[in-house]
Q: 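Okay, handing you the structure first.
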Amino acid sequence: MFHLLPFVAGRLFGRYPARGDVVILTPPDAARRGEDLIKRVVGLPGDTVQMVHDRM
């Protein structure tokens, strides 16, 4: 697997992600340890997110 940056524990820029940011997560499951999950932030602490007709 090709990585642009070396593994860094914690936040890279030292701030909480904002809505719409892209984050990269490493799964805690040992079987998926080599995978990276790339996700877009859709909710922040305190938000309520609801799916309606398969859309947020």
Q: What pair of heavy atoms forms the shortest contact from V42 to V49, and how long is it?
A: O-CG2, 4.4 Å
Q: Using only atom types and a distance under 3.5 Å, with no angle test, would you say the side chain of R40 pairs donor to acceptor with the backbone of V22?
A: no
Q: I want to check something: taking the side chain as every heavy atom from C-beta on, are V41 and V23 in contact at a cut-off of under 4.5 Å?
A: yes
Q: With sequence neighbours left out, write down each residue that passes side chain to side chain contact (heavy atoms under 4.5 Å, CB included) with R19, or none if nothing qualifies.
A: L44, D47
